[in-house]
Every structure is written in structure tokens, then in C-alpha cells.
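Worksheet for the structure shown next.
A quick note: this is a predicted structure, and the numbers were derived from the prediction, not measured.
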Amino acid sequence: MAARKELPLHQFTDTATVEWIKANRPDFPPAWPSPLRPSTKALVEQAAIPTRWFAEPQLADSIHGHRHGLRTAVLAALLADWHGLSETDTAAAVIAAAVHDCQRQHDKDDQGHGSRAAVWLAANAELAWSHFRLTPSPSEIIRAATAVRLHEVPYEAFTADDRADHSRAEQICDLVKAADALDRYRLPKRSWWPNSQYVREPSFDQLLPLAFDLVVTSEEAFLAGASSVTAVRYAAAEKGLV
């Protein structure tokens with residue numbers, strides 16, 4: 001269906017797709033070991049957002065639902081620790097990653113979903129940060145919402161306003177974009193898989209094998225009957241991340 005450009009508005013992973021992903025495993029470079037700081041592990045433990053936060057509940061278990069949001073949050077946490085971000089910036093990055101697709105209407109090219117999610121996050125900041133057992137500052141909210149808004153906008157398509165916003169939250173924006181891109185192994189065409197030329201993250205290629213394994217392990221666990229949250233936590237624990 002992907003090859004014929006006939007994918008439906010709402011897309012769900014099935015066993016055939018996972019087997020196809022596994023059969024097309026790339027020849028990866030050596031894996032990058034990535035232990036998380038205790039405070040970052042605590043963030044990741046809270047990264048499963050409530051289903052009611054999704055604008056379209058049908059997407060909760062789709063390719064842009066809970067599992068994608070959780071894996072993106074895990075990858076954002078890894079990158080935040082790798083770059084030595086402060087605990088507040090790490091929290092902003094993980095929260096942005098967890099909610100970045102929550103206002104999607106469907107699984108296709110839903111233009112504007114980043115802007116809608118950014119508005120939602122700004123309007124519900126107290127709710128979002130309290131879910132992570134934190135209290136936000138106005139600057140944290142702005143940086144996280146900016147990262148959410150810009151995650152869907154290619155760098156080459158940035159307007160002057162986009163560039164100005166990006167400059168005020170550059171590291172968090174770049175990190176969330178990279179984490180989102182790393183989770184593209186869940187998609188059913190190899191041309192849609194992670195590509196470092198579209199991100200600004202020097203560690204990107206080192207995370208590819210981990211990102212691939214997180215997709216395969218969590219999707220297999222979900223198809224075997226685990227919840228989305230349990231599936232991703234199992235995959236992360238298998239890699240020693242949580």
C-alpha cells in the first residue's frame with residue numbers, strides 16, 4: 001500500500017510490516033552505549049501521555065500514537081544526556097517529544113499538526129509538566145512549544161520567523177527533530193527511514209541501531225498483547241535504558 005501510495009488516513013502496525021522491517025535491517029555502524037542520568041530516567045518513566053490528550057483518540061495506537069511518542073521521548077532523553085543539557089532543558093525536550101504529535105488528525109501528511117500541538121502545549125503547560133511531576137517556567141514552556149511547532153518544518157523551509165524562533169530554542173529544537181527522525185524505522189518504506197541529512201545532530205548515526213531495535217522490540221511486544229506503554233518500556237529496559 002505504501003509503494004502504491006494507497007495508505008489509509010489511520011495506519012496501524014501489523015505483523016507483516018514488522019517482519020518486513022526486520023528483513024530490511026541496515027548494516028549499522030557499531031552501537032552507541034547510552035546510559036541515562038537518574039533524573040532523566042525519571043522523566044522517561046512519566047513519558048506516556050494520557051490518551052485523552054490526543055486530538056483524535058483513534059491515533060493513540062497508530063504509527064503516530066503512544067509508542068511513537070514514547071520512543072521519541074526516550075531518544076530525546078538520550079540525546080539530552082549526551083549533550084549534557086540541564087535538567088530543565090532535558091525536561092523541556094522530553095515533554096516536547098512526548099506530545100509532539102498529539103494534535104494530529106490522521107497519519108498522513110497532516111500539515112499544521114506541529115503548530116496545533118504547540119498551541120495545545122502552551123495552553124496546557126501546567127497539566128503537561130505536572131504529569132512529569134514538575135513545575136514549568138515561562139521560558140521552558142516557550143522552548144518546548146517552539147520545538148513542537150518546528151518539528152514538522154524542514155530546515156530548508158524555515159521562514160524568517162521560524163529561524164528567529166529556532167535561534168531562541170536551538171538545541172531543544174534540533175534534539176526533538178533528531179529524536180523524531182530516529183523513530184522512522186516504524187514506517188513501511190525504506191526511503192522514509194532515518195536520514196542524517198535532514199537533521200542537525202552529530203550523534204545521529206550512532207543511535208541508528210538502538211532506534212531500529214526499539215521499534216522492532218516494542219512493536220513485536222505490542223502485537224503479542226502488551227500495552228503500548230509496556231511494550232516501549234520493555235524495549236527500553238532490554239537496552240538497559242530504564
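- For Ser62 and His68, the side-chain atoms include no donor-acceptor pair closer than 3.5 Å.
- The closest side-chain donor-acceptor pair between Thr146 and Asp165, if any, does not fall under 3.5 angstrom.
- Within 6.0 Å of CD on Glu6 lie more than 12 heavy atoms contributed by other residues, nucleotides or ligands.
- Heavy-atom minimum distance, Ala92 versus Ala144: O-CB, 3.7 Å.
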| task | Applying salt bridge (charged side-chain N to carboxylate O under 4.0 Å, His left out), run through Arg143 and Glu140 and close with a yes or a no. | result | CA-CA 5 Å; Arg143 291 198 297 277; Glu140 290 173 60; 5.7 Å; no
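- Summarising the geometry, atom CD belonging to Gln171 is positioned 6.0 Å from atom NE2 belonging to His83; distances are rounded to the nearest 0.5 Å.
- Atom OG of Ser218 and atom CZ of Arg233 lie 13.0 Å apart (nearest 0.5 Å).
- To the nearest 0.5 Å, the span separating CG on Leu207 from CG on Leu182 amounts to 5.5 Å.
- Counting heavy atoms from C-beta on, the side chains of Phe158 and Leu150 come closer than 4.5 Å.
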Using the side-chain contact (heavy atoms from CB on, under 4.5 Å) rule, take Ile21 and Thr13 through it: C-alpha gap first, then chi angles, then the decisive distance, then the call. CA-CA 11 Å; Ile21 293 169; Thr13 304; 5.7 Å; no
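- In this structure, Phe222 and Val232 have side chains that are not in contact, with every pair of non-hydrogen atoms separated by 4.5 Å or more.
- No donor-acceptor pair closer than 3.5 Å links the side chain of His66 to the backbone N or O of Val229.
- With hydrogens and angles ignored, the 3.5 Å screen pairs a side-chain donor or acceptor of Lys108 with a backbone N or O of Leu7.
- Taking CZ of Phe212 as the start and OG1 of Thr217 as the end, the distance is 9.5 Å to the nearest 0.5 Å.
- Taking a 6.0 Å sphere around CD of Glu87, one finds it holds 12 or fewer heavy atoms contributed by other residues, nucleotides or ligands.
- Interatomic distance, Arg52 CZ to Cys102 SG, rounded to the nearest 0.5 Å: 12.0 Å.
- Under the 4.5 Å side-chain heavy-atom criterion for grouping Ile, Leu, Val, Met, Phe, Trp and Tyr, Ile172 is not connected to Val153 through any hydrophobic cluster.
- Across Ala145 and Ala118, no two heavy atoms sit closer than the pair O-CB, 3.3 Å.
- The neighbour count for Tyr198 OH, taken as heavy atoms of other residues, nucleotides or ligands under 6.0 Å away, does not exceed 12.
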Can you check side-chain contact (heavy atoms from CB on, under 4.5 Å) on Trp82 and Leu175, steps first, answer last?
-> CA-CA 11 Å; Trp82 175 255; Leu175 190 153; over 6 Å; no
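- At distances below 3.5 Å, at least one donor-acceptor pair connects side-chain atoms of Ser86 with backbone N or O atoms of Asp89.
- A pairwise comparison of heavy atoms in Glu152 and Ser115 identifies OE2-N, 3.8 Å as the closest pair.
- His10 has its side chain within reach of Glu56: a pair of non-hydrogen atoms, C-beta onward, lies under 4.5 Å apart.
- A single hydrophobic cluster is not seen to contain both Val176 and Trp129; linkage of ILVMFWY side chains at heavy-atom distances under 4.5 Å, directly or through other members, places them apart.
- Closest approach of Ala179 to Ala76, counting heavy atoms only: CB-N, 3.6 Å.
- Applying the side-chain hydrogen bond (donor to acceptor under 3.5 Å, both in side chains) test between His113 and each of His106, Gln103, His151, Gln105 identifies His151 as the sole match.
- In this structure, Arg184 contributes its side chain and Trp192 its backbone to a donor-acceptor pair below 3.5 Å.
- Residues Leu241 and Val94 fall into different hydrophobic clusters, defined by Ile, Leu, Val, Met, Phe, Trp and Tyr side chains chained together at heavy-atom separations under 4.5 Å.
- Listed for the Arg71 side chain is no donor-acceptor partner under 3.5 Å among the backbone atoms of Asp183.
- Follow the hydrophobic side-chain contacts under 4.5 Å out from Tyr185 and you reach Val74 in the same cluster.
- Annotation: side chain of Asp107 is not in contact with side chain of Leu9 (no heavy-atom distance under 4.5 Å).
- Residues Asp162 and Ala157 share a closest heavy-atom pair of OD2-O, 4.1 Å.
- Environment of OH in Tyr155: crowded, with over 12 heavy atoms of neighbouring residues, nucleotides or ligands closer than 6.0 Å.
- Side chains of Gln197 and Phe204 form no contact here, defined as non-hydrogen atoms less than 4.5 Å apart.
- Ile95 CD1 to Leu43 CG: the interatomic distance, rounded to the nearest 0.5 Å, is 7.0 Å.
- Counting only heavy atoms from C-beta outward, the side chains of Glu219 and Thr17 never approach each other to under 4.5 Å.
- A continuous path of ILVMFWY side-chain contacts below 4.5 Å connects Leu78 to Leu85, so both sit in one hydrophobic cluster.
- Between Trp53 and Leu127 the shortest side-chain heavy-atom distance falls below 4.5 Å.
- Of all heavy-atom pairs between Val44 and Ala77, the closest is CG2-CB, 3.6 Å.
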Requested in this report: Would you sort out whether Leu210 and Lys239 count as a side-chain contact (heavy atoms from CB on, under 4.5 Å), showing the intermediate values?
Outcome: CA-CA 8 Å; Leu210 174 61; Lys239 294 296 178 182; 3.5 Å; yes
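- Checked by atom type and distance alone, the side chain of His131 pairs as donor or acceptor with a backbone atom of Ala48 at under 3.5 Å.
- When the shell of 6.0 Å around CZ of Arg37 is examined, it contains more than 12 heavy atoms from other residues, nucleotides or ligands.
- The closest side-chain heavy-atom distance from Leu79 to Glu201 is below 4.5 Å.
- For His64 and His100, the ring centers sit 6.0 Å or farther from each other.
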Practice problem: For side-chain contact (heavy atoms from CB on, under 4.5 Å), just list the numbers for Asp174 and His166, CA-CA rounded to whole Å, side-chain angles, deciding distance to a tenth of an Å, and then say yes or no. | Solution: CA-CA 9 Å; Asp174 292 348; His166 176 261; 2.8 Å; yes
Hey, can you pull the donor-acceptor pairs under 3.5 Å for the side chains in residues 23-30, sequence neighbours left out?
{"residue": "Asn24", "atom": "ND2", "partner": "Trp20", "partner atom": "O", "Å": "2.8"}
{"residue": "Arg25", "atom": "NH1", "partner": "Asp213", "partner atom": "OD1", "Å": "2.7"}
{"residue": "Arg25", "atom": "NH2", "partner": "Asp213", "partner atom": "OD1", "Å": "3.4"}

